[in-house]
Amino acid sequence: MKLAKRVEQVTPSLTLAIDAKAKALKADGVDICSFSAGEPDFPTPEHIVAAAKQALDSGKTRYGPAAGEPKLRAAIAQKLQSDNGLCFGAENIIVTNGGKHSLFDLMLALIEPGDEVIIPAPYWVSYPEMVKLAGGTPVIVHTDEKSEFKISPSQLQQAITPQTKLFIINSPSNPTGMVYTPAELAALAEVVVENDIFVVSDEIYEKLVYDDTKHVSIGALSPEIYERTIVSSGFAKAYSMTGWRVGFLAGPVEIIRAATSIQGHSTSNVCTFAQWGAIAALEGSQDCVETMRLAFAERRQAIFDYINAIPGLSCAKPNGAFYVMPSIAKTGITSLEFCDALLDEQKVALIPGIAFGADDHIRLSYATDMDTIEKGMERLEAFVRSRSGST
Ligand code: GLU
């Protein structure tokens, strides 16, 4: 069979593939410790579930507007104004089938063959693939621990060419957990404005920041950067709503209209009653978000301590999201070999850094319970020791 060329250019999502494998092994009764997909282990808060049930009971089961329920678009605009200082109205918002789909809509709306999109590595697995699917060229800029995995303004400037259309920034970051400071964002914003390109700010982890870290949206830093900013986000991580598939894109009306046309011919509206759950998430008490954040903060400390106590492994302390990204450079094996052998020998699932453009690293999601963290870290230590020959 001859499939479309675009299929040859994309690599299947390793995060989803490994997560599915871990879940299947678990279902078969294998004692797996999974640190694979970033999926909170908490149930969706009750009041959100109740709102969706009530929506079902009251007949909110029909087609809705492709751009989303008007009430949800207005609530998202309100949230962006009050939480993020971004002056968006409902017309600047499209509700999408998860945060991932909001980025996909954006790529289709903005990127065409010949366009370059700058992506700092380590990057989230789907960014380069989405750019390729839209016919664009991903331009990867590598960062490392020394710069806290952050792109500098001069690196950004050097990567810009006349073909550059878009720069992707993700803070708090998946996979590194790093958070850009307001000053760092302001310096990057200056480069974006000077070169008159767009920036998409993936803020899906904005509620998950630790210690005294604050999340700031790059789009709020000046009127000039606001005009060039598109925000991508969703409900999955902050409200433990991964399976609901509700996200959004916020930005200039022209882009939102284009994304709405695309959605009108692809998915139509996001599941209507799921959108009513999302409305409850925004309008209800935010205590549930704080409860989950505090649990993640405790797990972050535990996993950081465990990993740095394992000879041969080390990781920087992340200040956001729920990932750590240790270096495995000292083990001398590739990240795929490392993760395959670890799953095979110790039944621990995590994601090889190659998925994120960082082959000498591995990613662990600590959105899992403390017992799994304790057991999994013992197994990880046994694995690393067996590789280095010490006991
Ligand atoms: N975003 C999560 C992760 O990176 C979920 C899986 C996915 O969509 O890639 O693990």
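Counting from 1, the numbers follow the sequence of the chain as shown. The shown structure was predicted, so the numbers you read here are calculated from the model rather than taken from an experiment.
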For the student: nearest non-hydrogen atoms of Met241 and Ala281, plus distance: SD-CB, 4.3 Å
Pairwise side-chain contact, Asp369 with Ile373, heavy-atom cut-off 4.5 Å (strictly under): no
Ring centers of Phe383, Phe338 separated by less than 6.0 Å: yes
Within-4.5 Å side-chain heavy-atom neighbours: Ile256 and Glu91: no
Aromatic contact, His47 with Tyr239 (centres under 6.0 Å): no
Derivation of the side chain to side chain contact (heavy atoms under 4.5 Å, CB included) call for Glu345 and Arg387: CA-CA 11 Å; Glu345 294 168 26; Arg387 284 301 187 273; 3.0 Å; yes
Cation-pi, Phe198 ring and Lys165 (6.0 angstrom, 45 degrees): no
Heavy-atom side-chain proximity of Val216 to Leu221 below 4.5 angstrom: yes
Any residue meeting ring pair (Phe, Tyr, Trp, His ring centres under 6.0 Å) with Trp244, in chain and number order, not counting sequence neighbours: none
Shared hydrophobic cluster, Val193 / Val200 (ILVMFWY, side-chain heavy atoms < 4.5 Å): no
Pairwise side-chain contact, Glu203 with Ser217, heavy-atom cut-off 4.5 Å (strictly under): yes
Which residues share a side chain to side chain contact (heavy atoms under 4.5 Å, CB included) with Ala295, sequence neighbours left out: Phe42, Arg299
All pairs passing ring-ring contact (aromatic ring centres under 6.0 Å, His included) where residues 79-98 contributes a residue, at least two apart: Phe88-Tyr226
Side-chain H-bond candidate by donor/acceptor type, Ser36 with Ser34, under 3.5 Å: yes
Residues that Tyr306 engages under ring pair (Phe, Tyr, Trp, His ring centres under 6.0 Å), provided they are two or more places apart: none
Under the salt bridge (Lys or Arg N to Asp or Glu O under 4.0 Å) test, residues paired with Lys60 that sit two or more places apart: none
Validation row, ring centre Phe304 to ring centre Tyr366 under 6.0 Å: no
Side chain to side chain contact (heavy atoms under 4.5 Å, CB included), paired with Phe35, selected from Val324, Val348, Ile351: Val348
Salt bridge Lys23-Asp19, side-chain N to carboxylate O under 4.0 Å: yes
Residue pair Phe356, Tyr123: steps toward the ring-ring contact (aromatic ring centres under 6.0 Å, His included) verdict: CA-CA 5 Å; Phe356 313 106; Tyr123 47 73; 7.6 Å; no
Any side-chain donor near an acceptor of the partner, Lys237 and Asn174, under 3.5 Å: no
Heavy-atom side-chain proximity of Ile197 to Leu166 below 4.5 angstrom: no
Contact check, side chains of Ser232 and Phe248, non-hydrogen atoms, under 4.5 Å: no
Contacts of Lys100 that satisfy side chain to side chain contact (heavy atoms under 4.5 Å, CB included) - sequence neighbours left out: Leu16, Trp124, Ser126, Met130, Arg245
